[in-house]
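Residue numbers begin at 1 in each chain, while the letters A, B, ... track the order of the sequences. The figures that follow rest on heavy atoms only: side chains count, while hydrogens, waters and symmetry mates do not.
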Protein chains: 2
Amino acid sequence: MVPDAIPVLRSQQSGKDILDEQPAYDLIELFFFAYRDFVSDPDRILDEYGFGRAHHRVLHFVSRQPGLTIAELLDILRITKQSLNRVLKELIEKDFIESRMGTSDRRQRLLFATGKGHDLALKLAKLQTRRIMRALSGMEPEAKETVSRYLLRLIDPSDSAHVKQLVFGTNET
Amino acid sequence: MVPDAIPVLRSQQSGKDILDEQPAYDLIELFFFAYRDFVSDPDRILDEYGFGRAHHRVLHFVSRQPGLTIAELLDILRITKQSLNRVLKELIEKDFIESRMGTSDRRQRLLFATGKGHDLALKLAKLQTRRIMRALSGMEPEAKETVSRYLLRLIDPSDSAHVKQLVFGTNET
DNA sequence: AATTTTATGTCAGCCTTGTTGACATATCTC
DNA sequence: GAGATATGTCAACAAGGCTGACATAAAATT
């Protein structure tokens with residue numbers, strides 16, 4: 001125990017000591033289990049197309065943000081261009097995503113989901129939505145808003161404005 | 001739009017139509033970004049020990065549940081025993097986890113974190129707790145409870161009693 | 001106009017962590 | 001004693017990360 005005589009080590013709120021605060025095991029573990037099940041839903045369907053989770057992530061964001069560039073996608077996914085290219089190439093070959101040359105900057109590749117691509121992306125999103133809605137049903141009406149704000153605050157502060165922009169299409173606090 | 005004349009296609013609550021409900025893109029994407037940052041925290045530290053995320057998960061649950069058996073651990077992680085064994089072997093060799101023969105059933109291996117093991121597990125848990133507390137600070141006091149219940153309800157219903165038992169050490173609803 | 005920077009693509013190889021299938025051993029249960 | 005169970009292990013493979021090096025076209029700079 002750190003003695004009371006060292007007030008600089010105490011956080012401002014409720015006398016909780018930063019150095020020996022007890023781990024939030026419940027939220028840590030619930031987050032693990034919830035995410036495990038959440039991402040497993042789409043797996044069966046992706047399998048039928050010969051795709052994996054990496055394909056899902058790429059297709060999802062391209063479908064959501066038509067005209068996304070490679071650089072923007074790399075920034076969202078936080079993987080290397082080599083990793084991205086492996087799955088993106090397959091999505092393009094199998095005609096789920098289309099790559100067009102940029103208009104203002106012709107070095108850029110603007111990515112668009114094809115009809116097939118949108119269909120699959122929507123199918124997967126609805127599957128995950130089903131789980132989310134089941135969880136929210138029977139909870140207080142404010143639950144969705146609370147969860148949404150919590151998840152946003154969990155993100156690196158340096159990135160949260162960017163995420164807010166991507167997810168909500170706005171940058172307001 | 002499905003015409004109002006087909007009531008069987010409507011869910012019980014608030015007239016929301018199951019067949020064309022709009023995807024919850026916000027929660028889907030926020031969950032992705034939040035989890036991405038959440039698991040990235042421990043990575044730097046794990047690197048120093050030559051461990052990866054798989055080692056982290058094993059060490060975490062063994063540290064939290066001393067005496068865990070292989071079978072129980074496999075059920076928690078949902079991986080094959082070969083995958084588990086690869087990382088578990090390293091954790092034992094490097095003296096972060098100890099494996100003792102079961103007392104009542106001597107076929108079982110009971111897993112325990114060593115002193116070193118507990119130290120590392122705690123260090124990583126505190127790192128993740130820091131992020132969780134930062135997110136919760138400034139939110140309503142009920143936020144933690146709401147988020148916790150939401151995450152639990154996100155888990156497969158067939159598994160939620162088990163998870164509740166693991167996380168809270170109880171099985172009450 | 002020449003040079004440098006930027007956006008993207010690609011090759012080659014490596015690592016972690018998942019998978020399947022087969023088989024071995026010790027121990028418990030019937 | 002026979003069969004089921006808990007664990008360990010070998011081998012091979014796949015997905016999806018990574019690094020490093022190099023190539024090209026187009027934009028930006030000087």
Side-chain angles (χ1 to χ4, degrees), chain A residues 32 35-36 39-40 42-62 67-94 97-112, chain B residues 32 35-36 39-40 42-62 67-94 97-112:
Chain A
F32 164 75
Y35 196 79
R36 180 193 67 177
V39 297
S40 79
D43 283 356
R44 282 171 289 275
I45 291 170
L46 289 163
D47 243 26
E48 300 167 14
Y49 294 84
F51 292 145
R53 289 175 188 177
H55 301 85
H56 183 194
R57 292 192 285 270
V58 170
L59 180 60
H60 175 94
F61 285 106
V62 169
L68 206 59
T69 66
I70 300 288
E72 285 164 344
L73 194 45
L74 287 174
D75 189 50
I76 288 171
L77 300 175
R78 298 274 177 80
I79 58 176
T80 60
K81 63 177 173 174
Q82 295 90 329
S83 293
L84 171 58
N85 223 265
R86 187 160 36 200
V87 294
L88 181 56
K89 208 190 291 180
E90 292 175 8
L91 285 164
I92 291 173
E93 279 167 5
K94 294 188 180 172
I97 286 181
E98 187 180 357
S99 168
R100 303 185 202 146
M101 193 164 52
T103 47
S104 64
D105 184 338
R106 306 198 309 166
R107 291 170 301 180
Q108 294 184 328
R109 297 291 172 265
L110 309 185
L111 304 173
F112 298 87
Chain B
F32 165 75
Y35 196 78
R36 179 194 69 178
V39 298
S40 81
D43 284 356
R44 282 171 288 274
I45 290 171
L46 289 163
D47 242 27
E48 299 168 16
Y49 294 83
F51 292 144
R53 289 176 188 179
H55 301 85
H56 182 195
R57 292 193 285 269
V58 170
L59 180 60
H60 175 94
F61 286 106
V62 169
L68 206 59
T69 67
I70 301 289
E72 286 165 345
L73 194 45
L74 288 175
D75 189 50
I76 289 171
L77 301 175
R78 299 272 178 84
I79 58 176
T80 59
K81 62 178 173 175
Q82 295 91 330
S83 293
L84 171 58
N85 221 263
R86 189 161 37 206
V87 293
L88 181 56
K89 208 191 290 182
E90 291 174 10
L91 285 164
I92 291 174
E93 278 167 4
K94 292 188 180 173
I97 285 180
E98 186 179 356
S99 167
R100 300 185 205 145
M101 194 164 53
T103 46
S104 63
D105 185 337
R106 306 198 311 169
R107 290 171 303 180
Q108 294 184 326
R109 296 292 172 265
L110 308 185
L111 303 172
F112 297 87

Any sub-3.5 Å donor-acceptor pair from A/Lys94's side-chain atoms to A/Phe51's backbone N or O?
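Checked: no pair found.
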Checking the side chain of A/Arg100 only, and the main-chain atoms of A/Phe112 only, is there a donor and an acceptor separated by less than 3.5 Å?
no
Taking all atoms of both residues into account, what is the closest heavy-atom pair of [X] and [Y], and its distance?
| X | Y | answer |
| --- | --- | --- |
| B/Arg106 | B/Met101 | O-CG, 3.2 Å |
| B/Gly52 | B/Leu46 | O-CD1, 3.7 Å |
| B/Arg53 | B/Ser40 | NH2-CA, 4.2 Å |
| B/Thr103 | B/Leu110 | N-CD1, 4.5 Å |
| B/Leu91 | B/Val58 | CD1-CG1, 3.7 Å |

Value in whole Å for how far the [atom2] atom of [N] lies from [atom1] of [X]:
| X | N | atom1 | atom2 | answer |
| --- | --- | --- | --- | --- |
| A/Gln108 | D/dA26 | CD | C1' | 11 Å |
| A/Leu74 | D/dG16 | CG | C1' | 14 Å |
| B/Leu91 | D/dG8 | CG | P | 13 Å |
| B/Arg36 | D/dG16 | CZ | P | 18 Å |
| A/Leu110 | C/dA7 | CG | P | 13 Å |
| B/Arg109 | D/dT5 | CZ | P | 18 Å |
| B/Ile92 | D/dT7 | CD1 | P | 12 Å |
| A/Arg100 | C/dT8 | CZ | P | 16 Å |

Under 3.5 Å, which N/O atoms of the protein pair with N/O atoms of nucleotides 17-19 of chain C?
unit_1: C/dT17; atom_1: OP1; unit_2: B/Arg53; atom_2: N; d: 2.8
unit_1: C/dT17; atom_1: OP1; unit_2: B/Ala54; atom_2: N; d: 3.2
unit_1: C/dT17; atom_1: OP2; unit_2: B/His55; atom_2: ND1; d: 3.4
unit_1: C/dG18; atom_1: OP1; unit_2: B/Arg57; atom_2: NH2; d: 2.4
unit_1: C/dG18; atom_1: N7; unit_2: B/Arg86; atom_2: NH2; d: 2.3
unit_1: C/dG18; atom_1: O6; unit_2: B/Arg86; atom_2: NH1; d: 3.2
unit_1: C/dG18; atom_1: O6; unit_2: B/Arg86; atom_2: NH2; d: 3.4
unit_1: C/dT19; atom_1: OP2; unit_2: B/Thr80; atom_2: N; d: 2.7
unit_1: C/dT19; atom_1: OP2; unit_2: B/Thr80; atom_2: OG1; d: 3.1

Nucleotides 27-30 of chain D: which of its N/O atoms have a protein N/O under 3.5 Å away?
unit_1: D/dA27; atom_1: OP1; unit_2: A/Arg106; atom_2: N; d: 3.3
unit_1: D/dA27; atom_1: O4'; unit_2: A/Arg107; atom_2: NE; d: 3.4

Per the end-axis method with five pairs at each terminus, what is the bend angle of the helix from C/dA1-D/dT30 to C/dC30-D/dG1, to 10°?
30°
Would you indicate whether the side-chain heavy atoms of B/Thr69 and B/Asp105 approach each other to under 4.5 Å?
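Counting from C-beta outward, B/Asp105 and B/Thr69 never come under 4.5 Å.
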